[in-house]
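Working notes, beginning with the structure itself.
What you are looking at is a predicted structure, and each value in this text was computed from that prediction instead of being measured.
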Amino acid sequence: MKKYIFSVLMAAMAAFTFSSCEDVPEPYTLPTQPAGPGTTDPNQKGSESNPYTVTEAIALIKAGTAPSTAVCVKGKITAVTFFNATYSSLSYNIADEGSSDVIEVYSGKGKDGANFSSKDDLKVGQTVVVKGIVKAFTKNDGTIVNEIDKNSTIISIENTGTTTPDTPATGKGSLSDPYNVAEAIAVIKAGTAPTTQVYLTGIISDVAFYNETYKSITYYISDDGKSKDMQVYSGKGLNGADFASKEDLKVGQKVTILGKIMKFTDKNGNDIMEVDKTSSIIKIEGEGTGGGEVKPDPTPDTPASGNIEMTDASILSGKSGDVELVEKYYNSQNVTNESTWYTWKIGDTTFKGAKICISDGTNGKGIQMQGNASDASKQGFLFNSTAFAKDIKTVTILFSTKATSTYAPSYTLYAAKAANGKDTAIEGKSTNEVSGDYKTYTETFDLSAQNVKYFTLFNNKAGALYIEKIIITLK
């Protein structure tokens, strides 16, 4: 009888222990090795001796039948995109020989799980067998990316590779006969664009964005320098050098670029003619006329009434400080050091935020903000650092979670008398609805009785927030 009572008590304690641990969305997890499959046939598909091709792995992902455990995939490296010094990992793309369909190996480790020391540790053209979890994730712009999840390991590496893909030695697309912008767009639309890098020339019509993490610039080119016909996405400088700032390129300069030309479809279904990331400039001609700064569209972000509407896109395009906003990581943002906070402008109003980044869509979409109930160093926030022209009437925030999540946003919204103030906590009214893979919480706060021109969103609760949109209505 005593043994029976003891067993019941132990079972009850176990149930209490597990039920008291609730998963909440966190910004990112610490790197751990992916769980490997159990004891299986060493020659089965997806094993080291019989890896999937990239095409086979993509087919499994699209069919929703990809294994939940780590498998092996073999492919040729087509681009090495980013070295993460924090985790000593590399992100790179692999494809089957002669195919343009790629899988992104996200934040992967080296041979047998070893750390990488630089981006040069892998080369384009090397053939690798990678072991990791294959999956799809949806970016904030709606793009679905086939990937091998973080902390994969390389089982084998063949050949020495090259620093860049093969490019035409002669003929159209070669250095002696580069595409102009119209020609590049024509072959993209015809579906005959080369799968390797090519040379093309154009005149810079707009310099849109400097990425401090990648030391790259996104800019636009056309044949006449007046229209934004083709986007050069996250491109590198002369002979692949890092850019130091947005001012390194000028509108009106003529550039010869080495890169892969392609079509990108955004979340609204618009086709964008693009030179893919990690392109390099071979030649720059002329002094240009200026940086061509892109200002936020006055509609809908800064309508005539003076009200303000913010999304991740306008927060990115409105960047006005030196700190970069990147995907998944808060980098060096420190809640006690204002110089590390991200700064942006919407119209004439300046905003600042700390412990914020761009969500990768895993737990929610939009701007991701870290939260913690007890550790102040992990309590993210954002606020307007300059006063609005009129007192605030309402603040409406649209939060995102996965449709299947039971986690509801938890945080504090303050009416403030000064920038980053926390004078009066305001209770909000909340509704939610599910659309596709996500649930949106619309939460509205009435500040009309407070007579203030500042607000602060403070995540002093457990779990990250995912902010789709903020709407400030002024009196």
Side-chain angles (χ1 to χ4, degrees), residues 296-316 318 320 325 335 338 341-356 364-373 376 379-401 407-433 439-475:
D297 189 339
T299 304
D301 294 322
T302 54
S305 64
N307 299 343
I308 292 179
E309 183 173 318
M310 292 184 287
T311 63
D312 56 347
S314 59
I315 289 172
L316 276 171
S320 62
L325 201 64
V335 298
E338 186 172 353
W341 300 351
Y342 181 74
T343 306
W344 69 100
K345 293 190 73 172
I346 304 293
D348 295 328
T349 306
T350 300
F351 297 83
K352 293 179 181 289
K355 294 297 182 181
I356 61 175
K365 55 186 177 180
I367 296 294
Q368 176 177 307
M369 177 186 289
Q370 191 174 23
N372 194 283
Q379 294 174 345
F381 53 81
L382 65 79
F383 60 94
N384 59 308
S385 61
T386 59
F388 294 122
K390 301 178 181 178
D391 287 349
I392 302 171
K393 181 179 180 181
T394 61
V395 176
T396 300
I397 308 177
L398 278 64
F399 295 100
S400 173
T401 68
Y407 169 79
S410 181
Y411 57 95
T412 306
L413 190 287
Y414 288 100
K417 298 176 182 178
N420 202 18
K422 300 179 179 66
D423 295 288
T424 306
I426 307 296
E427 293 293 327
K429 295 181 179 180
S430 179
T431 61
N432 68 79
E433 62 178 354
K439 182 189 297 183
T440 297
Y441 288 81
T442 301
E443 310 203 339
T444 301
F445 301 84
D446 186 353
L447 279 68
S448 58
Q450 303 302 316
N451 300 317
V452 296
K453 293 181 173 64
Y454 295 91
F455 79 97
T456 300
L457 174 61
F458 183 44
N459 194 6
N460 56 343
K461 309 293 184 181
L465 296 174
Y466 300 90
I467 305 164
E468 291 186 51
K469 184 181 292 187
I470 301 177
I471 304 166
I472 300 101
T473 302
L474 306 179
K475 291 182 179 180

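Not a single donor-acceptor pair under 3.5 Å links the side chain of Ser400 to the backbone N or O of Gly364.
More than 12 heavy-atom neighbours from other residues, nucleotides or ligands sit within 6.0 angstrom of NZ on Lys439. Heavy atoms from other residues, nucleotides or ligands lying under 6.0 Å from NZ of Lys422 number more than 12.
Checked against the 6.0 Å centroid threshold, Phe381 and Trp341 count as a close aromatic pair.
Side chains of Leu316 and Leu325 form a contact here, defined as non-hydrogen atoms less than 4.5 Å apart. Asp423 is not listed as a side-chain neighbour of Tyr414, based on a closest heavy-atom distance of 4.5 Å or more. In this structure, the side chains of Glu433 and Tyr441 stay at 4.5 Å or more apart for every pair of heavy atoms. Residues Ile397 and Ile467 are in side-chain contact: their nearest non-hydrogen atoms beyond the backbone lie under 4.5 Å apart. Between Thr311 and Glu468, the closest side-chain pair of non-hydrogen atoms is not below 4.5 Å.
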All N/O donor-acceptor pairs, side-chain side in residues 443-455, below 3.5 Å, sequence neighbours left out:
{"residue": "Glu443", "atom": "OE1", "partner": "Tyr411", "partner atom": "OH", "Å": "2.4"}
{"residue": "Glu443", "atom": "OE2", "partner": "Ser430", "partner atom": "OG", "Å": "2.9"}
{"residue": "Thr444", "atom": "OG1", "partner": "Thr396", "partner atom": "OG1", "Å": "3.3"}
{"residue": "Asp446", "atom": "OD1", "partner": "Ser448", "partner atom": "N", "Å": "2.9"}
{"residue": "Asp446", "atom": "OD1", "partner": "Ser448", "partner atom": "OG", "Å": "2.6"}
{"residue": "Asn451", "atom": "OD1", "partner": "Lys475", "partner atom": "NZ", "Å": "2.9"}
{"residue": "Lys453", "atom": "NZ", "partner": "Asp391", "partner atom": "OD1", "Å": "2.9"}
{"residue": "Tyr454", "atom": "OH", "partner": "Ala387", "partner atom": "N", "Å": "3.4"}

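Residues Glu338 and Lys352 are paired through a salt bridge, judged by an N-O separation under 4.0 Å between the basic side chain and the carboxylate.
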Check your understanding: Under the side-chain contact (heavy atoms from CB on, under 4.5 Å) criterion, do Ile367 and Tyr466 qualify, and how do the steps go?
Key -> CA-CA 5 Å; Ile367 296 294; Tyr466 300 90; over 6 Å; no

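In this structure, the separation between CG on Leu465 and CG on Leu457 is 6.5 Å, given to the nearest 0.5 Å. Atoms CG and OG1, on Leu398 and Thr442 in that order, are 4.0 Å from each other to the nearest 0.5 Å. Expressed to the nearest 0.5 Å, how far NZ of Lys429 lies from OG1 of Thr394 amounts to 11.5 Å.
Remark: the Thr349 side chain and the Asn384 side chain contain no N/O donor-acceptor pair separated by less than 3.5 Å.
In terms of the side-chain contact (heavy atoms from CB on, under 4.5 Å) criterion, residue partners of Thr350 (sequence neighbours excluded) are, by chain and number, Thr343, Lys345, Ser385, Thr386.
Closest approach of Asn459 and Met369 over heavy atoms only: ND2-O, 3.3 Å. A pairwise comparison of heavy atoms in Leu474 and Lys390 identifies CD2-O, 3.8 Å as the closest pair.
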